[in-house]
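Please read these numbers as outputs of a predicted model, since none were measured by experiment. Computed over heavy atoms, backbone and side chain alike; hydrogens, waters and symmetry mates excluded.
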Amino acid sequence: MTQAVHNSSARGAWRSVSGDNSTFEWSDLDRRAVDVVRALAMDAVEEAGSGHPGTAMSLAPAAYLLFQRFLRHDPTDPHWPGRDRFVLSCGHSSLTLYIQLYLSGYPLTLDDLKSLRKWGSLTPGHPEFGHTAGVETTTGPLGQGIANAVGMAMAARRERGLFDPDAPLGESPFDHTVWAFASDGDIEEGISHEASALAGHQRLGNLVLLYDDNHISIEDDTAIALSEDVRARYAAYGWDVHNVDWTENGDYEENVGRLAEAFAAAQAETSRPSFIALRTIIGWPAPNKKNTGKIHGSALGADEVAATKRLLGMDPAKTFQVPEEVLDHARAVSARGRAEHGEWNKAFAAWREANAVRAAEYDRISTRTLPAGWEAALPEFEAGKALATRAASGEVLTALAPVLPELWGGSADLAESNNTTMKGEPSFIPEEFQTKEFPGDRYGRTLHFGVREHAMGAICNGIALHGGTRPYGGTFLIFSDYMRPAVRLAALMKLPVTYVWTHDSIGLGEDGPTHQPVEHLWALRAIPGLDVVRPADANETAVAWRTVLEHGDRPAGLALTRQKLPTLERGGGIASADGAAKGGYVLVDAEGGRPEVILIATGSEVQLALEARETLQAEGTPTRVVSMPCVEWFEEQTDAYRQEVLPPGVRARVSVEAGIALGWRGYVGDTGESVSLEHFGASADYKTLYLQFGITAERVVAAAKASLIKAGVKDAGRGETTGN
């Protein structure tokens, strides 16, 4: 009896296994390959001196089954667009993935496994996107991978809607499955609830999650901290739930055929995501350390490795032993993958021929190429009109909707406050859940994350990882704290995700200190590779969006105001908003020659710097105002440009920002001053707060004078005497 193979299964699976366990074939070579996986996991961790062998050992049959029989992939082309996606959310068990990549024929060698966790290796401690072929996302912080997988499944549905919405289910080249493996730790992390609840609500029938229910974590038996019925939890989310228990007969029996049935059933379920709880014994079959916390996160030790290899019928004296016949058998999957790839190419070519316009759009979007002349759609805002930068951002998004179909996103239940809804665009939602306020369909554009900031960040990462489309997610800047792990991973992976963070200071007013970000701007600027952009007015906001979208290799956060700001009259001494693209620029220069003092401001405080400049100029102090919406972009400029904006010889400087000063000290120097907020806010209208906390033009003037004195500028900053 052999595996049944067909080319028209639901979700474009292209390969499945009969639901009848009696037809499932698991050969002696398959069993030996699984034992080789276990031995390689033990050997690699012993060689490294650290690592996580236990899960890789017990998940060996499941991972091998998936890669050999169910996962649609081509090891010779890891970036094939039609492939299934595999996410190892339990990234600590990186060997679970690395060994399957090696056995399947990806460009990973036995020497790479020997170099696990070592400098310069392709097998780092946790999988890293862009570093190792076949790794779809960087995992490590638990639960992130689950949310990434949800994002990938959402992106796949969105792409189908953009390029092939009318094809019958399972017959489009854009149909594929997102598979994910998760551990007890992933399930415990709160982000798993946020993401899984949303996946169930979204009816993501192209998502399958396997839960390694081994009851062990670093602190040994999970009963010490985990007692809920996880299967019931996922059923309550609306998932299709399966249970495979390899301990159910009182002994441990790795019934791979039963797991294959569950995989096939999950693959056939297209109306909801599928959850497979697989009861394993961690570290099986290590005689003394299996089913213990010790085998979760440390090497077994030479004696235990030897004893385990003897149980497996392997030579304990040999390490990294892969019999040639086992490797040849496993690598047959590469030929099957190439054949599936070839069949997909035919379907894709037929789609292209029948859909020339969509195919051209696909070519552009899949390479993240912006269309010619797209910038012309950006709005120009009328000078003198007061407008909150959050409102300006909303107008930019609506204006870009027709020309950038790849741009999509939404908010964590704050759409009206964040201004993240493109006017007239349908929501991305199963039709039964659309509302009067937000009509939509499964292929819509406006995302609704609910009050789930952490999942929103990681889901946006998954969308970006899937390829092509450009996601954005909105919430208040204060709640970037809930998103920070996902934001950090976006920066680590260099993903073009945009965060719309509004209510960016005490300027939000009456909601009080719980909602007023104080330390957040510099805390976020501390993340390497994240662009934090705080525009000064509506036109700087448009330039900010333009510049963010021109960068396809990094995430960015827009820090936007709740309160209205004056739209500056450009020209006649006030520089064009285009300067914002350089991160920092001379907004207004000193009258009368070289400046004696420079005021550096961001966002809503730029207007205070401009007011202060008028006073200082009237008093005879040549003053330059620099708008610095993005420190990161400014630091990318040439030394010559940065010195032109901030001449080293001008040592009298003042930074103005309604948050902690922290990093501004590096710009104002030892003779500079900072008008900042070094404490929490309060509940009152924003004008009162700025006045009470001394973030005023008068305070900026006083700080400038103090800096002039410290800088030793002759006769500067000193008041006149009364003559008495």
Exercise. Test salt bridge (charged side-chain N to carboxylate O under 4.0 Å, His left out) on Arg554 and Glu632 and set out the steps.
Key: CA-CA 11 Å; Arg554 69 189 88 167; Glu632 294 78 19; over 6 Å; no
Can [X] and [Y] be counted as an ion pair, charged N to O under 4.0 angstrom?
X: Arg699; Y: Glu673; answer: no
X: Lys582; Y: Glu644; answer: no
X: Arg651; Y: Asp670; answer: yes
X: Glu432; Y: Arg203; answer: yes
X: Arg562; Y: Asp511; answer: no
X: Asp639; Y: Arg642; answer: yes
X: Glu591; Y: Arg613; answer: yes

Quiz item: So, Trp633 versus His551, ring centres under 6.0 angstrom or not?
Solution: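 That pair passes the under 6.0 Å test.
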Quiz item: Would you say the ring centroid of Phe479 lies under 6.0 angstrom from that of His515?
Solution: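 Distance test on ring centres: under 6.0 Å, yes.
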Quick one: do the [X] and [Y] side chains pair a donor with an acceptor below 3.5 Å?
X: Tyr641; Y: Glu636; answer: no
X: Tyr585; Y: Glu540; answer: yes
X: Thr567; Y: Asp537; answer: no
X: Ser676; Y: Glu678; answer: yes

Quiz item: Going through the checks in order, is the side chain to side chain donor-acceptor pair (under 3.5 Å) test met by Arg534 and Thr602?
Solution: CA-CA 6 Å; Arg534 191 168 186 244; Thr602 77; 2.9 Å; yes
Taking all atoms of both residues into account, what is the closest heavy-atom pair of [X] and [Y], and its distance?
X: Ala383; Y: Glu569; value: CB-OE1, 3.5 Å
X: Ser707; Y: Ala652; value: OG-CA, 3.2 Å
X: Gln563; Y: Ser505; value: NE2-OG, 4.3 Å
X: Ala458; Y: Asn148; value: O-ND2, 2.9 Å
X: Met422; Y: Leu397; value: CG-O, 3.6 Å
X: Pro535; Y: Thr541; value: CG-OG1, 3.4 Å

Practice problem: Give the C-alpha distance, both sets of side-chain angles, the deciding distance and a yes or no for salt bridge (charged side-chain N to carboxylate O under 4.0 Å, His left out) between Asp553 and Arg368. | Solution: CA-CA 10 Å; Asp553 60 349; Arg368 292 211 169 101; over 6 Å; no
Quiz item: Should Glu657 and Arg525 be marked as a salt bridge (charged side-chain N to carboxylate O under 4.0 Å, His left out) after you check the CA-CA gap, both sets of side-chain angles, and the distance that decides it?
Solution: CA-CA 14 Å; Glu657 186 170 74; Arg525 288 172 181 143; 2.9 Å; yes
More than 12 foreign heavy atoms under 6.0 Å from [atom1] of [X]: is that the case here?
X: Glu431; atom1: CD; value: yes
X: Phe433; atom1: CZ; value: yes
X: Glu550; atom1: CD; value: yes
X: Tyr686; atom1: OH; value: yes
X: Lys494; atom1: NZ; value: no

Practice problem: Would you sort out whether His503 and Ser417 count as a side chain to side chain donor-acceptor pair (under 3.5 Å), showing the intermediate values? | Solution: CA-CA 8 Å; His503 297 58; Ser417 295; 4.6 Å; no
Practice problem: Cation-pi check, Arg653 to Tyr667: give yes when NZ or CZ is under 6.0 Å from the six-membered ring centre and within 45° of the ring axis, no otherwise. | Solution: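 No, Arg653 does not sit over the ring of Tyr667.
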Practice problem: I would like to know whether Ser192 and Asp186 meet side chain to side chain donor-acceptor pair (under 3.5 Å); could you show each step before the answer? | Solution: CA-CA 7 Å; Ser192 74; Asp186 293 284; over 6 Å; no
Self-check item: Test log, rule side chain to side chain donor-acceptor pair (under 3.5 Å), inputs Tyr690 and Ser604
Solution: CA-CA 11 Å; Tyr690 272 83; Ser604 50; 3.3 Å; yes
Quiz item: Under a 4.5 Å cut-off applied to non-hydrogen side-chain atoms, are Met154 and Pro471 in contact?
Solution: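 The answer is no, as the side chains (C-beta and beyond) never meet within the 4.5 Å cut-off.
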Quiz item: Does Arg442 offer a backbone N or O that forms a donor-acceptor pair with the side chain of Arg157 under 3.5 Å?
Solution: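 Checking the backbone N and O of Arg442 against the side chain of Arg157, a donor-acceptor pair under 3.5 Å is found.
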